[in-house]
Amino acid sequence: MDVVVFGAGSLGSLVGGLLALEHRVTLVGRDPHVRRVREAGLRMEGAVEGIVRPAADTAPPPRADLAVVTVKAFDTDDAGRKLAACDLDAALSLQNGLGNEETLAEHLDAPVLAGACTYGARLLEPGRVECTGVGEIALGPREGGRSALADRVGTAFERAGLVTVVADDMPRRQWEKLAVNAGINAPTALARVPNGALPDGPARETMRAAAREVARAARRRGVDLPDETALASVERVAGDTARNTSSMRRDVERGRRTEVDRINGVVAGDDAPVNATLAALVRAWERERGLR
Ligand SMILES: NC(=O)C1=CN([C@@H]2O[C@H](COP(=O)(O)OP(=O)(O)OC[C@H]3O[C@@H](n4cnc5c(N)ncnc54)[C@H](OP(=O)(O)O)[C@@H]3O)[C@@H](O)[C@H]2O)C=CC1
Ligand SMILES: CC(C)(CO)C(=O)C(=O)O
């Protein structure tokens, strides 16, 4: 398969590097990372190891079978515009948050699959990416159900050794992941604490209320996500990733814009006061820093 990975930062470099073990891959990212990959290959370290030599560029090629989108959520619109110039059979978002697939579909003629990824990745320096945890990639039609295209992409991912599930319930999976990210990311970013400080600490009820509000918003949209499932998920993930710095806390500590609009912001207008407050506080910080 010819795959273009748009957004070769942490996750894109890892997934693109793994796909390159089996497929023709082009990483689209920024210099100096792209230049380093072209010159010396991409080194994968940590939970997976190896050196691969995918193509690497700052713009997409004219044609690919599949585009895997791994930019931060606030760059999705720009990614869609740039990928519109590429003749594609399909696109797949592995981003966190909700609404990325819809944004891509506004620009692309090719069908856009939904994805949810629990692999962990960190770009160490140009040309070097660390796998901080082998997880799973769930993918499927963004409206749910099955499709031959999702099966084909799933088979291609599995052949490259990526742990992959082709799922017929992507909307439920994405909302459940949203509940987890809504409950963990903004509270840990605002309090500057590791994920494990939430389940037994003073912000426990904030975490649980944010996840519960997301479950309610999901059900209002016809997605079957019981409160108990969302609460069990957020508590399990916070425990399993107890020592993690959440991606939003990392963004805040580096003075970078966060994905709050596509996480807590998605339900902020939904009679969801805890998410509305979390989103407002993170946005206030972004505004003060001149990031929005
Ligand atoms: N890292 C992880 O472990 C996981 C991440 N995710 C999700 O995956 C997505 C990506 O996260 P992550 O990899 O950490 O983020 P990164 O910021 O590390 O990677 C995104 C990369 O895309 C680049 N980029 C953005 N726009 C363009 C463009 N127009 N042309 C070329 N390159 C571009 C960015 O460059 P620049 O910064 O210079 O703009 C950056 O290098 C997020 O939605 C995140 O929530 C999901 C699961 C795990
Ligand atoms: C699961 C969790 C909360 C792990 O840190 C995450 O996805 C993130 O930090 O964005």
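When a ligand or atom number is given, it counts from 1 through the structure's own listing order.
- Distances below 4.0 Å separate heavy atoms of Ile184 from the following atoms of ligand 2: 3 (C).
- Looking at Arg257, Gln95, Arg81, Arg30, it is Arg30 that brings a heavy atom closest to atom 26 (N) of ligand 1.
- Backbone and side-chain nitrogen or oxygen atoms of Lys72 are examined, and none is located within less than 3.5 angstrom of a nitrogen or oxygen of ligand 1.
- Looking at Arg221 and Asp270, a side-chain N of the basic residue comes within less than 4.0 Å of a carboxylate O on the acidic one, giving a salt bridge.
- Asp261 has a carboxylate O that lies under 4.0 Å from a charged side-chain N of Arg257, or vice versa, which qualifies the two as a salt bridge.
- Ionic pairing of Asp87 and Arg63 is present here: one or more N-O contacts between side-chain nitrogen and carboxylate oxygen are shorter than 4.0 angstrom.
- Here the protein heavy atom with the shortest distance to atom 22 (O) of ligand 1 is Gly7 CA, 3.3 Å.
- Leu66 and Leu94 fall within the same hydrophobic cluster, defined by Ile, Leu, Val, Met, Phe, Trp and Tyr side-chain heavy atoms under 4.5 Å apart, directly or through other members.
- For the pair Arg256 and ligand 1, a heavy-atom separation below 4.0 Å is found.
- Heavy-atom proximity to atom 9 (C) of ligand 1, evaluated over Asn244, Val71, Leu83, Val69, is greatest for Val71.
- Every atom of ligand 1 with a heavy atom of Gly120 under 4.0 Å away is listed here by number and element: 3 (O).
- Residue contacts with ligand 1: Asn96 is placed with a nitrogen or oxygen under 3.5 Å of a nitrogen or oxygen of the ligand (distance criterion only).
- Nearest to atom 47 (C) of ligand 1 by heavy-atom distance, out of Gly133, Gly12, Gly135, Cys117, is Cys117.
- The shortest contact between atom 10 (C) of ligand 1 and any protein heavy atom is with Thr70 O, 3.1 Å.
- Remark: minimum distance from atom 6 (N) of ligand 1 to any protein heavy atom is reached at Leu11 CD2, 3.7 Å.
- If you number the atoms of ligand 1 from 1 as listed, the ones under 4.0 Å from a heavy atom of Ala121 come out as 1 (N), 2 (C), 3 (O).
- Shortest contact from atom 2 (C) of ligand 2 to any protein heavy atom: Asn181 ND2, 4.1 Å.
- The protein atom (non-hydrogen) at minimum distance from atom 1 (C) of ligand 2 is Val237 CG1, 3.6 Å.
- A donor-acceptor pair is defined here as one N or O able to donate and one able to accept, closer than 3.5 Å; no such pair exists between the side chain of Asn181 and the backbone of Asn185.
- The pair Asp78-Lys82 counts as a salt bridge, with a side-chain nitrogen and a carboxylate oxygen less than 4.0 angstrom apart.
- Taking every heavy atom of Gly29 and a limit of under 4.0 angstrom, the matching atoms of ligand 1 come to 31 (C), 32 (N).
- In terms of N/O distances under 3.5 Å, ligand 1 is not approached by Ser247.
- Proximity of Phe6 to ligand 1, defined as any heavy-atom pair under 4.0 Å, is confined to the side chain (atoms from C-beta onward).
- Contact check on Arg216 versus Asp271 returns no salt bridge, with no Lys/Arg side-chain nitrogen under 4.0 Å from an Asp/Glu carboxylate oxygen.
- In terms of polar-atom proximity, Ala73 is not counted as a contact of ligand 1, lacking any N or O under 3.5 Å from an N or O of the ligand.
- Taking every heavy atom of Asn96 and a limit of under 4.0 angstrom, the matching atoms of ligand 2 come to 7 (O), 10 (O).
- In terms of heavy atoms, Asn96 sits closest to Ala73 at O-CB, 4.5 Å.
- Under the 4.0 Å criterion applied to side-chain N and carboxylate O atoms, Arg292 and Glu286 are assigned as salt-bridge partners.
- In this structure, Pro54 and Ala20 approach most closely via the heavy-atom pair CB-CB, 4.1 Å.
- Residue Gly9 has at least one heavy-atom neighbour below 4.0 Å for each of these atoms of ligand 1: 18 (O), 19 (O), 21 (C), 41 (O).
- Salt-bridge formation is not detected for the pair Arg146/Asp168: no Lys NZ or Arg NE/NH1/NH2 atom is positioned less than 4.0 Å from an Asp or Glu carboxylate oxygen.
- Only the side chain of Glu259 comes within 4.0 Å of ligand 1, counting heavy atoms alone; its backbone N, CA, C and O stay farther away.
- Salt bridge Arg36/Glu125: absent, no basic N to carboxylate O contact under 4.0 Å.
- Nearest protein heavy-atom contact of atom 8 (C) of ligand 2 is Ser247 OG, 3.4 Å.
- Considering backbone and side-chain N/O atoms, Ser10 comes within less than 3.5 Å of an N/O atom of ligand 1.
- Residues Arg250 and Thr245 share a closest heavy-atom pair of NH2-O, 3.4 Å.
- Neither the backbone nor the side chain of Glu130 has any atom closer than 4.0 Å to an atom of ligand 1 (non-hydrogen atoms only).
- Closest to atom 5 (O) of ligand 2 among all protein heavy atoms lies Asn195 ND2, 3.0 Å.
- Atoms of ligand 1 lying under 4.0 Å from at least one heavy atom of Tyr119, given by number and element, are 3 (O), 47 (C), 48 (C).
- Nearest heavy atoms, Gly154 versus Val166: CA-CG2, 3.7 Å.
- Near Asp78, with a cut-off below 4.0 Å to any heavy atom, the atoms of ligand 1 are 29 (N).
- Listed by atom number, the atoms of ligand 2 under 4.0 Å from Ser246 heavy atoms are 5 (O), 9 (O).
- A donor-acceptor pair shorter than 3.5 Å can be found between the side chains of Ser93 and Gln95.
- Within a 6.0 Å sphere centred on CD of Glu143, other residues, nucleotides and ligands contribute more than 12 heavy atoms.
- Looking only at heavy atoms of the protein, atom 3 (C) of ligand 2 is closest to Asn185 OD1, 3.3 Å.
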